[in-house]
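Just so you know, residue 1 is the first one in the sequence shown, and it goes up from there. Side chains are part of it too, since the values below use all heavy atoms of this structure and drop only hydrogens, waters and symmetry mates.
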Amino acid sequence: MGDLLGVAVLGAGHMGADHVRRLDQVVSGARVAAVADPDVDRAREAVAGVDGAVVHTDPVAALDAPGVSAVLIASPGPAHEAALLAAFARGLPVLCEKPMVPDSAGALRVLEAEARLGRRLAQIGFMRRYDAEYQRLKALLDEGRLGRPLMLHCTHRNVSSPEHFTSAMLINSSVSHEIDAARWLLGQELTAVTVLRPAPSAGAPRGLADPQFVLFETERGALVDVEVFVNCGFGYQVRCEAVCEAGSARIGDGHTMVVTAGGGATEEVAQDYLVRFADAYDREVQSWVDATRRGLVTGPGVWDGYAASVVAEAGVRSLENGGRVAVDLAPRPALYR
């Protein structure tokens, strides 16, 4: 057990508990050394049966627990900045779920703090980069066989939204994945955002602007559109089509089981992101563990988390005030070039 990477998991909610399970049962080379959550009963439930894991209500106490040599942050977004800075102060490598920090000012503080260290410590949890279909699309676009990418058409649908979900969260929580995926697939920064609001769906909670249509512009002239619909009622669907000068490629149509019986056929539709992207989460965490044990950070980093926060914030301004909003990124530190 001493050779394993001891991980402190901060947050024992839906995502944190799943990561505890993943580290304990799926990923090799790591163990859960500590879990922190303000709800001590929830934390204890998450580590039930996990050998050697200690429970804390204070995240800092979990960072300082014996055997902790890395941190996985799965707490709510507003708690991420303090946890990241505490991990940096201790020289602990981090895997931080998105959003890295919900607001751009906080994200910039994290960026500047890591840049002062002179080395990367944090990987940000944009797990779509580890999805097999997204990786195939990225390889195809990088190969150049389809020519220059002109447009990305994206779809992001959820069965229903949590009770606390706001109209802004469609952008800074849901579409944050498309923001990172577009930057990664195209190898370009996003430079402007326009958010359009169709009439809300009858299935949307009162006051929630759902669905939304989001248009991104990029630094080299490509366009990215995203339909985000978080109360579609029928399934969790994520799709992306790249339209290039010499062809197109589409992912996300689903390769699930089709059941034929009683004179008809039905196709399963994933109901949850943890189902649709289960393999991606497994590969993401395994890659992080492997790299961390070698002293490396190889996945999406703090600059990617910062850029996503800035773009999302511009998108929320467009949602609230209307019209096109330019994206204003700080100069990119040398560490991230």
Side-chain angles (χ1 to χ4, degrees), residues 1-37 42-56 59 62-63 65-76 80 83 87 92-98 100 121-136 138 177 180-181 236 238 251-252 254-257 268-301:
M1 189 176 276
D3 295 330
L4 302 179
L5 182 72
V7 180
V9 179
L10 307 187
H14 191 51
M15 189 78 260
D18 193 58
H19 278 315
V20 169
R21 175 199 60 80
R22 181 170 290 107
L23 287 163
D24 185 55
Q25 301 177 19
V26 179
V27 170
S28 63
R31 69 179 185 91
V32 180
V35 171
D37 195 281
R42 183 166 64 179
R44 287 171 178 158
E45 182 180 353
V47 299
V50 178
D51 186 34
V54 297
V55 169
H56 294 274
L63 299 187
V68 169
S69 53
V71 187
L72 196 159
I73 301 174
S75 50
H80 288 183
L92 294 172
V94 186
L95 173 58
C96 179
E97 278 297 341
K98 67 86 194 167
M100 181 182 79
L121 278 179
Q123 175 176 322
I124 310 305
F126 292 116
M127 83 295 182
R128 291 192 191 175
R129 298 191 187 200
Y130 296 88
D131 177 71
E133 289 188 86
Y134 272 90
Q135 289 182 336
R136 289 181 64 192
K138 171 66 171 172
H177 280 295
D180 181 72
Y236 180 82
V238 169
I251 60 172
H255 304 288
T256 58
M257 182 167 64
E268 291 182 339
V269 179
Q271 298 293 296
D272 187 275
Y273 64 96
L274 292 180
V275 175
R276 165 63 181 87
F277 288 108
D279 290 343
Y281 279 114
D282 290 349
R283 280 191 288 269
E284 174 193 45
V285 177
Q286 185 66 71
S287 176
W288 173 67
V289 168
D290 292 344
T292 299
R293 295 181 75 190
R294 301 195 308 272
L296 302 174
V297 177
T298 58

Rounded to the nearest 0.5 angstrom, the CE-CG distance for Met15 and Leu72 is 8.5 Å
Sequence neighbours excluded, the answer for salt bridge (Lys or Arg N to Asp or Glu O under 4.0 Å) partners of Arg283 is none
Any chance the side chains of Asp131 and Gln135 put a donor and an acceptor closer than 3.5 Å?
no
When rounded to the nearest 0.5 angstrom, what is the spacing between CD in Glu284 and CD1 in Ile124?
10.0 Å
Within-4.5 Å side-chain heavy-atom neighbours: Leu5 and Arg31
no
Could you tell me which residues satisfy side-chain hydrogen bond (donor to acceptor under 3.5 Å, both in side chains) with Asp279, sequence neighbours excluded, listed by chain and number?
none
Could you walk me through whether Asp180 and Lys98 pass salt bridge (charged side-chain N to carboxylate O under 4.0 Å, His left out), step by step?
CA-CA 10 Å; Asp180 181 72; Lys98 67 86 194 167; over 6 Å; no
Applying side-chain hydrogen bond (donor to acceptor under 3.5 Å, both in side chains), name anything that partners Arg42, two or more places apart in sequence or on another chain.
Asp37
Verify, without hydrogens or angle tests, whether Ser69 (side chain) and Gly6 (backbone) share a donor-acceptor contact under 3.5 angstrom.
yes
Closest non-hydrogen atom pair, Val94 against Ala87
CG2-CB, 3.4 Å
Checking His80 side chain against Met100 main chain: does a donor-acceptor pair fall under 3.5 Å?
yes
Quick one: does any side-chain atom of Gln286 pair with a main-chain N or O of Ser28 as donor and acceptor, under 3.5 Å?
yes
Which residues pass the side chain to side chain contact (heavy atoms under 4.5 Å, CB included) test with Val50, sequence neighbours left out?
Val20, Asp24, Val32, Val47, Ala53
If you take all heavy atoms of Arg128 and Phe277, which pair is closest and at what distance?
NE-CZ, 3.8 Å
Which residue pairs satisfy the side-chain hydrogen bond (donor to acceptor under 3.5 Å, both in side chains) criterion with at least one member in residues 292-301, sequence neighbours excluded?
Trp288-Thr292
Not counting sequence neighbours, which residues clear side chain to side chain contact (heavy atoms under 4.5 Å, CB included) with Ala181? List them please.
Tyr134
Kindly give the heavy-atom pair with the smallest separation between Ala280 and Tyr130, and that separation in Å.
O-CB, 3.5 Å
Smallest heavy-atom separation, Leu92 atom then Leu63 atom, equals CD1-O, 4.0 Å
Which heavy atom of Ala65 sits nearest to which heavy atom of Ala34, and what is that distance?
CB-CB, 4.0 Å
How far does SG of Cys96 sit from CG of Leu121, to the nearest 0.5 angstrom?
12.5 Å
Is it true that Lys138 and Glu133 make a salt bridge, defined as a side-chain N closer than 4.0 Å to a carboxylate O?
no
Validation row: Glu97, Met127 side chains within 4.5 angstrom (heavy atoms):
no
Are any of the side-chain heavy atoms of Val26 and Tyr281 separated by less than 4.5 Å?
no
Correct closest heavy-atom pair for Val55 and Ala43 would be CG1-CB, 3.6 Å
Can you check whether His19 reaches Val285 side chain to side chain, under 4.5 Å on heavy atoms?
yes
